[in-house]
Amino acid sequence: MGRAFVYVILGGGVAAGYAALEFSKRGVSPGELCIISDEPVAPYERPALSKGYLLPGAPARLPSFHTCVGTHEERLTPKWYKEHGIELVLGTRVKSADVRRKTLLTATGETISYKILIIATGARALRLEEFGVNGSDAENVCYLRNIADANRIVDVMKSCPEGNAVVIGGGYIGMECAASLVINKINVSMVFPEEHCMARLFTPKIASFYEDYYNGKGVKFVKGTVLSSFEFDTDGKVTTVILTDGTRLDANMVVVGIGIRPNTSLFEGQLTLEKGGIKVNGLMQTSNSSVYAVGDVAAFPVKLFGETRRLEHVDSARKSARHAVAAILNPEETGEFDYLPFFYSRIFSLSWQFYGDNTGEVVHYGDLSGTKFGAYWVSKGQLVGSFLEGGSKEEYEAIARATRQKSTVENLAELEEQGLGFALAV
Ligand code: FAD
């Protein structure tokens with residue numbers, strides 16, 4: 001049993017949706033393109049899962065957040081794919097790939113062949129067992145990567161009104177889930193080993209603003225320690241979270257956000273890997289010229305910083321996917337991907353954006369106890385990174401522009417004084 005396509009996108013997440021849009025804009029004939037996904041639904045804007053999806057009242061539900069609404073473009077519903085002759089092979093896991101033969105084998109035993117493959121398999125959530133702790137299968141222990149996970153969080157939240165949740169991990173999944181749990185009137189304790197939240201990005205000063213804000217919402221932080229084990233009731237539900245420093249926390253539910261691992265396993269030994277992902281060139285092409293990789297799974301050259309990086313952000317998934325399709329369909333007109341790393345988060349009524357790189361010296365500006373403040377990172381006399389909380393569209397565009405241009409910074413004290421004005425003047 002088998003089918004053949006000119007283009008196959010493996011994975012049906014954010015990158016797949018934006019690639020499909022780009023294919024349709026540049027022209028693809030009916031029957032040429034197929035998307036294979038183990039999720040049962042058409043591609044959607046994954047960031048919604050930790051935000052609108054978890055809200056009480058009128059939560060976001062499909063079809064409202066199918067791609068590509070995240071960038072105010074057409075919403076690609078299952079009907080859209082049908083109308084454009086793009087085959088959606090959903091609920092179907094690919095269990096092996098042969099890049100020499102240009103075939104994929106699905107778990108249902110079908111062989112799908114391609115001329116060009118775009119790998120958009122994203123990443124999976126790391127499990128507690130990988131850190132030596134058992135309990136992931138308990139019914140009140142939750143992860144968050146897909147809709148099934150989000151539905152589980154919603155169900156578990158509903159089963160313990162005004163109960164206690166322990167959030168393991170202080171990254172953006174932990175922070176966004178904690179905010180959503182609080183909005184659902186669940187008491188939250190956050191546990192993480194670092195000295196402050198969002199340790200990979202935030203400075204201690206930035207983190208302390210958000211931690212104070214969360215404290216004001218009743219969130220308790222237990223920092224500098226990690227999960228050691230769980231205690232369970234006779235139904236196998238977690239009742240207590242025990243930390244390595246001996247702290248015991250009552251728990252009606254646990255949400256785990258301890259990082260992700262790119263889904264590269266189908267291609268190990270067949271394609272070159274780097275930074276834990278599939279290495280691509282500036283056209284998103286892997287070490288096999290018929291195979292491209294985009295989104296969380298791709299390690300690509302970030303021209304701005306002269307380095308190969310793997311980014312786990314939605315904007316990079318959208319843009320790298322579109323770039324790959326441009327390179328496939330219009331190779332002569334497509335140059336190398338020139339990407340400015342961008343990441344954002346929304347929590348409670350707060351919202352921040354970050355552009356560039358958080359290396360070098362940091363200069364904070366604005367009112368760190370108020371609602372608008374930011375930071376710049378300066379390396380070798382150039383602006384390399386910018387963070388802003390509470391900015392307007394124009395202000396975010398200004399910090400992006402100044403970072404993209406690597407604006408010259410002569411004096412850090414002056415930069416601090418100028419604050420946002422520095423970027424607005426660029
Ligand atoms: P994904 O969207 O994960 O898609 C991968 C797809 O491949 C999935 O459909 C998966 O099921 C499928 N797949 C994998 N292996 C196989 C296989 N063998 N066979 C078939 N199908 C397969 N980023 C931000 O910048 N800001 C945010 O606020 C933000 N919030 C987020 C909130 C949540 C809850 C999550 C989980 C992520 C968030 N992100 C955010 C990150 C962003 O969503 C990802 O960077 C983006 O989804 C990556 O897109 P992708 O297409 O590479 O991977």
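Atoms within a ligand are numbered from 1 in the order they appear, just like the ligands themselves.
- Salt bridge Lys220/Glu211: absent, no basic N to carboxylate O contact under 4.0 Å.
- Between Tyr172 and ligand 1, at least one pair of N/O atoms sits closer than 3.5 Å.
- Ligand 1 lies nowhere less than 4.0 angstrom from a heavy atom belonging to Lys95.
- Side-chain contact annotation: Tyr213 with Ser349, donor-acceptor N/O pair under 3.5 Å present.
- Taking only nitrogen or oxygen atoms, main chain and side chain alike, Gly11 does not reach within less than 3.5 Å of ligand 1.
- Of the protein's non-hydrogen atoms, the one nearest atom 8 (C) of ligand 1 is Glu39 OE2, 3.3 Å.
- If you number the atoms of ligand 1 from 1 as listed, the ones under 4.0 Å from a heavy atom of Ala317 come out as 48 (C), 49 (O).
- The residue from Leu144, Ile173, Leu311, Leu49 that puts a heavy atom closest to atom 33 (C) of ligand 1 is Ile173.
- Nearest-residue assignment for atom 6 (C) of ligand 1 (options Gly12, Ala42, Ala298; heavy-atom criterion): Gly12.
- At under 3.5 Å, not a single nitrogen or oxygen of Ser345, backbone or side chain, sits near a nitrogen or oxygen of ligand 1.
- Atoms of ligand 1 lying under 4.0 Å from at least one heavy atom of Leu266, given by number and element, are 18 (N).
- In this structure a side-chain-to-backbone donor-acceptor pair under 3.5 Å is missing from Glu176 to Lys51.
- For atom 1 (P) of ligand 1, the nearest non-hydrogen atom of the protein is Arg46 NE, 3.3 Å.
- When hydrogens are left out, the protein atom nearest atom 53 (O) of ligand 1 is Gly122 CA, 3.2 Å; that is the closest non-hydrogen contact.
- Comparing Gly13, Ser50, Ala16 against atom 32 (C) of ligand 1, the shortest heavy-atom distance belongs to Ser50.
- Summary of contacts: the protein heavy atom closest to atom 17 (C) of ligand 1 is Val94 N, 3.8 Å.
- Among all protein heavy atoms, the one lying closest to atom 24 (C) of ligand 1 is Phe343 CE1, 3.3 Å.
- Using a 4.0 Å cutoff on heavy atoms, Lys51 counts as a contact of ligand 1.
- Using a 4.0 Å cut-off to heavy atoms of Arg93, the atoms of ligand 1 that qualify are 18 (N), 19 (N), 20 (C).
- A salt bridge is defined here as a Lys NZ or Arg NE, NH1 or NH2 lying under 4.0 Å from an Asp or Glu carboxylate O, and Arg322 with Glu73 meets this definition.
- A distance below 6.0 Å separates the ring centres of Phe65 and Tyr44.
- Here is the list of ligand 1 atoms found below 4.0 Å of a heavy atom in Glu176: 28 (O).
- Of the N or O atoms in Phe342, none lie within a sub-3.5 Å distance of an N or O in ligand 1.
- The closest protein non-hydrogen atom to atom 52 (O) of ligand 1 is Asp296 N, 2.9 Å.
- Proximity of Ala120 to ligand 1, defined as any heavy-atom pair under 4.0 Å, is confined to the backbone N, CA, C and O atoms.
- Residue Glu39 is tested with Arg46, Arg145, Arg93 for a salt bridge (charged side-chain N to carboxylate O under 4.0 Å, His left out); the sole match is Arg46.
- The closest protein non-hydrogen atom to atom 47 (O) of ligand 1 is Val14 CG2, 3.3 Å.
- In terms of protein heavy-atom proximity, atom 20 (C) of ligand 1 is nearest to Asp38 N, 3.3 Å.
- For an aromatic pair to be called close, the ring centres must be under 6.0 Å apart, and Tyr7 with Phe23 satisfies this.
- Within the cation-pi definition used here (under 6.0 Å to the ring centroid, within 45° of the axis), Arg310 does not qualify as a partner of Phe300.
- The residues Glu395 and Lys393 are annotated as not salt-bridged, no charged nitrogen and carboxylate oxygen being separated by less than 4.0 angstrom.
- Defined by atom type and a distance below 3.5 Å, a donor-acceptor pair is present between the side-chain atoms of Glu389 and Tyr210.
- Atoms of ligand 1 found under 4.0 Å from any heavy atom of Asn263 (numbered from 1 in listed order, with element): 14 (C).
- For ligand 1, the atoms closer than 4.0 angstrom to any heavy atom of Glu312 are 41 (C), 45 (O).
- A cation-pi arrangement is present between Lys217 and Phe348 under the rule of less than 6.0 angstrom and at most 45 degrees off the ring axis.
- Between Trp377 and Phe387, the two ring planes are perpendicular [angle over 60°; tilted spans 30° to 60°].
- Looking at ligand 1, you won't find any N or O of Asp315 less than 3.5 Å from one of its N or O atoms.
- Near Gly295, with a cut-off below 4.0 Å to any heavy atom, the atoms of ligand 1 are 52 (O).
- Remark: Asp357 engages Arg309 in a salt bridge, criterion side-chain N to carboxylate O under 4.0 Å.
- Ion pair Arg127/Asp137 flagged as a salt bridge, since at least one NZ, NE, NH1 or NH2 atom sits closer than 4.0 Å to an Asp/Glu carboxylate oxygen.
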Show your working on ring-ring contact (aromatic ring centres under 6.0 Å, His included) between Phe202 and Trp352 and close with a plain yes or no. CA-CA 11 Å; Phe202 287 0; Trp352 55 259; 5.5 Å; yes
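- Judged purely by distance below 3.5 Å, without hydrogens or angles, the side chains of Tyr355 and Gln353 pair a donor atom with an acceptor atom.
- Where the criterion is an N or O separation shorter than 3.5 Å, residue side chain and backbone included, Leu10 fails it with respect to ligand 1.
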